[in-house]
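In what follows, chains are A, B, ... by sequence order, proteins preceding strands, each numbered from 1.
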Number of protein chains: 2
Amino acid sequence: MSTQAMRGTVTIEEVAAAAGVSRSTVSRVVNGSTAVSPEALESVNRAIAELNYVPNRAARSLASRQTHAIALVVPEDTTRFFGDPFFAAIVSGINSRISKSDYVLNLFIANDDPGDKTTSYLRSGAVDGAIVVSHHTSDTFIDRIAAVVPVVYGGRPVRERERDYYVDVDNARGARVATEFLISRGHTRIGTITGPLDMPAGVDRLDGFRAALADHGLTAAAVEDGNFTAADGADAMRRILETGDVPDALFIASDLMARGAMNVLAGAGLKVPDDVAIIGFDDSPVATSVTPPLTTMRQPSFEQGEEMAGILLDILAGRSPRHVTVLDTELVVRASV
Amino acid sequence: MSTQAMRGTVTIEEVAAAAGVSRSTVSRVVNGSTAVSPEALESVNRAIAELNYVPNRAARSLASRQTHAIALVVPEDTTRFFGDPFFAAIVSGINSRISKSDYVLNLFIANDDPGDKTTSYLRSGAVDGAIVVSHHTSDTFIDRIAAVVPVVYGGRPVRERERDYYVDVDNARGARVATEFLISRGHTRIGTITGPLDMPAGVDRLDGFRAALADHGLTAAAVEDGNFTAADGADAMRRILETGDVPDALFIASDLMARGAMNVLAGAGLKVPDDVAIIGFDDSPVATSVTPPLTTMRQPSFEQGEEMAGILLDILAGRSPRHVTVLDTELVVRASV
DNA sequence: CTGAAAGCGCTAACAA
DNA sequence: TTGTTAGCGCTTTCAG
């Protein structure tokens with residue numbers, strides 16, 4: 001390996017010289033153009049390998065106006081991002097799809113960023129497009145990003161516009177199915193622990209819950225909200241217990257919150273499902289790690305991630321994918337109901 | 001907001017024109033040079049705000065040979081990355097330090113990347129430096145990255161060289177302290193579940209364990225290894241149970257593995273700490289979420305992350321930080337011993 | 001303190 | 001199929 005190869009400063013010019021062709025031809029080879037003779041191809045490729053040439057990203061991006069990078073923007077703090085298996089699943093899905101393309105994924109945990117550097121970074125042409133998961137009403141910086149690069153949302157965006165692209169799960173229907181299952185089991189005093197009400201997913205699940213109840217002439221026995229975390233589920237459960245009026249069943253908008261609630265219930269000497277039946281949402285790994293195993297609505301998060309990435313890739317490739325995709329949820333019956 | 005501002009294509013040229021100065025002056029203002037008159041400063045800043053100007057990253061990077069981006073490289077699969085609170089803590093620490101600087105953090109979950117795109121991306125000048133956590137013997141692509149940009153390792157790198165920068169915790173000492181604590185409690189038939197032996201952290205903890213035992217004329221009652229996950233801890237525990245010869249105490253190299261092991265123990269009708277005393281490593285949130293709460297060696301992962309980021313920032317600023325930093329661990333006594 | 005001029009390394013017409 | 005020629009938007013001497 002030559003010294004300059006070690007220094008990582010080989011330019012297209014040197015490759016061209018070594019291969020005995022012009023810069024343009026090297027560029028064509030690097031970019032996979034077919035209009036190159038076999039001999040030229042061969043000698044350029046050899047020169048590239050010998051010199052250990054890697055095209056300079058900035059120069060390429062400046063000239064082509066493309067970065068081949070995609071941002072994954074998570075408007076949450078690190079704790080919640082890492083604490084919730086939902087993100088693990090959705091990021092895996094995104095990563096799986098992106099890694100089959102020639103794009104790279106940059107991750108931005110945006111909430112931890114006081115100076116809003118994320119926004120100006122993304123607006124500075126650092127990426128070709130962005131995927132936003134976990135979108136809150138208060139996250140106005142997203143709009144500023146969407147003004148500059150195509151954005152695909154995970155979940156219905158908070159201020160939906162016609163031109164928005166997003167992949168959602170049918171939260172309202174999922175909540176409705178879950179609640180109806182509780183009703184079908186003979187429960188009548190049914191409460192809920194909702195997700196954050198500044199997120200469409202939180203609102204939609206609450207709506208579905210209420211709709212199911214209304215269909216059967218019932219009203220909510222309790223409504224408390226949380227931010228999808230186990231700690232919030234525990235807090236919400238405590239608030240419900242404090243009312244002294246414990247529901248006989250609970251629809252809880254995330255498995256993690258269900259786990260927190262179940263802990264509190266156990267501490268209070270209440271049995272699941274005998275005293276309180278519980279149904280969660282997600283079907284994440286925690287659903288099977290709690291005792292008793294959690295009945296829950298499965299949402300296809302990995303697939304959601306793959307789909308989002310696929311749509312963004314389509315947009316970037318100049319295709320015209322569907323704007324709205326809604327994936328279905330599925331009831332998974334275990335022992336908590 | 002003007003149309004061009006919306007399109008995000010305002011260039012330094014237009015700002016200069018609007019402010020009635022030259023490109024150079026705008027550049028000076030943007031880069032915080034002091035050699036600008038108050039009037040020029042004022043009018044440039046106004047033009048920037050009015051036009052909503054954001055400097056083009058690629059152009060700036062091409063001209064200045066800096067990207068102001070740092071890569072966080074995690075050679076693990078997504079599942080383990082998201083499943084282990086250790087990463088949450090270390091990433092929080094890194095993020096916390098970086099977000100106070102004017103650098104941005106790009107995350108690469110490198111193992112999921114079949115075509116080794118991460119390597120060529122990082123070698124293409126896309127970042128100014130990299131932080132590598134969870135380094136395995138087999139991860140040779142790291143060397144190719146380290147040849148091009150400064151790298152700071154979390155934990156002693158697998159092939160340590162003098163010029164390497166890293167921040168480690170004193171794993172050997174931590175394991176030793178943990179094991180000695182078990183011995184001091186009167187245990188003599190002590191086993192261990194180690195971390196992966198292709199990682200220095202795994203090896204060092206095993207060494208410390210063995211050293212403590214040797215000091216007291218004891219030998220290991222069982223040695224099984226795992227990849228730091230709960231599932232691996234459970235598997236290892238099963239293998240130990242299968243020998244029919246159950247140790248009366250276990251040093252387990254991660255809290256997550258301890259949790260897995262405790263589940264298996266409970267399933268086998270064995271009580272912690274009465275039948276088997278257990279001490280873990282990490283003091284992650286899982287330590288307090290298991291029953292009984294886990295005695296464990298606390299490692300300062302958040303601080304480790306902060307320190308790593310600080311060192312890289314120092315290198316990039318042209319300072320000369322210490323190459324090796326070793327942080328201490330601390331025994332946290334709870335009910336599992 | 002300011003502006004002019006020369007690139008940074010690459011892509012993309014346009015000719016040949 | 002190939003090379004020549006302009007830039008992409010910015011930083012950075014170097015004069016003034």
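In this structure, the CG atom of B:Asn56 is 14 Å from the C1' atom of C:dG9, given to the nearest Å. The nearest whole Å value for the distance from the CZ atom in A:Arg28 to the P atom in C:dT11 is 11 Å. If you measure from atom CD of A:Glu13 to atom P of C:dC8, you get 9 Å, rounded to the nearest angstrom. Computed from coordinates, the A:Arg23 CZ to C:dG7 C1' distance equals 12 Å when rounded to whole Å. Between B:Leu41 atom CG and C:dT2 atom P the separation is 9 Å, expressed in whole Å. Distance A:Arg60 CZ to D:dG7 C1': 18 Å, rounded to the nearest Å. C:dG3 atom P lies 12 Å from atom CD1 of B:Ile12, rounded to whole Å.
The base of C:dA4 is paired with the side chain of B:Ser24 by a donor and an acceptor separated by under 3.5 Å. The base of C:dA12 lies outside donor-acceptor range of the side chain of A:Ser64, with no N or O pair under 3.5 Å.
Each end of the helix from C:dC1-D:dG16 to C:dA16-D:dT1 yields a helix axis from five base pairs, and these two axes differ in direction by 30° (to the nearest 10 degrees).
Comparing atom distances between the A:Asn31 side chain and each of D:dT2, C:dT11, C:dC10 picks out C:dT11 as nearest. For B:Ser27, the side-chain atoms get nearest to D:dT11 when compared with the rest of D:dT2, C:dC8, D:dT11. Checked against D:dC10, C:dT2, D:dT4, the side chain of B:Tyr53 finds its nearest nucleotide in D:dC10. If you check C:dC8, D:dT2, D:dC8 against the side chain of A:Leu62, the one that comes closest is D:dC8.
Salt bridge status for A:Asp164 with A:Arg159: absent, with no side-chain N to carboxylate O gap under 4.0 Å.
Position along DNA chain C of the nearest nucleotide to B:Thr34 versus A:Pro55 favours B:Thr34 as the more 5'-ward residue. Comparing B:Ala35 and A:Ala58 against DNA chain C, the residue whose closest nucleotide sits nearer the 5' end is B:Ala35. Sequence order on DNA chain D of the closest nucleotides to A:Arg65 and A:Thr25 puts A:Thr25 first from the 5' end.
Between B:Ser22 and the phosphate of C:dG3, there is a side-chain N or O to OP1/OP2 separation shorter than 4.0 Å. Contact annotation: B:Ser37 side-chain N/O to C:dT2 OP1/OP2 distance is under 4.0 Å.
Checking side-chain atoms of A:Ser99 against main-chain N and O of A:Asn95 turns up a donor-acceptor pair under 3.5 Å. The main-chain N or O of A:Asp198 is found under 3.5 Å from a side-chain atom of A:Thr137 such that the two form a donor-acceptor pair. The closest donor-acceptor contact from the side chain of A:Lys117 to the backbone of A:Ala110 lies at 3.5 Å or more, if one exists at all.
Expressed to the nearest 0.5 Å, how far CG of A:Leu72 lies from CD1 of A:Ile94 amounts to 4.5 Å.
Checking B:Val167, B:Val133, B:Ile142 one by one against B:Tyr153, the side-chain contact (heavy atoms from CB on, under 4.5 Å) holds for a single residue, B:Ile142. Partner B:Phe108 forms a side-chain contact (heavy atoms from CB on, under 4.5 Å) with one of B:Val132, B:Val74, B:Leu122, B:Thr119 and no other, that one being B:Leu122.
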Under the criterion salt bridge (charged side-chain N to carboxylate O under 4.0 Å, His left out), I'd like the reasoning laid out for B:Asp77 against B:Arg80: C-alpha separation, chi angles, the key distance, then a yes or no. CA-CA 6 Å; B:Asp77 56 37; B:Arg80 189 159 121 57; over 6 Å; no

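Nucleic acid contact for B:Val21: sugar-phosphate only, since backbone atoms but no base atoms lie under 4.0 Å from a heavy atom of the residue.
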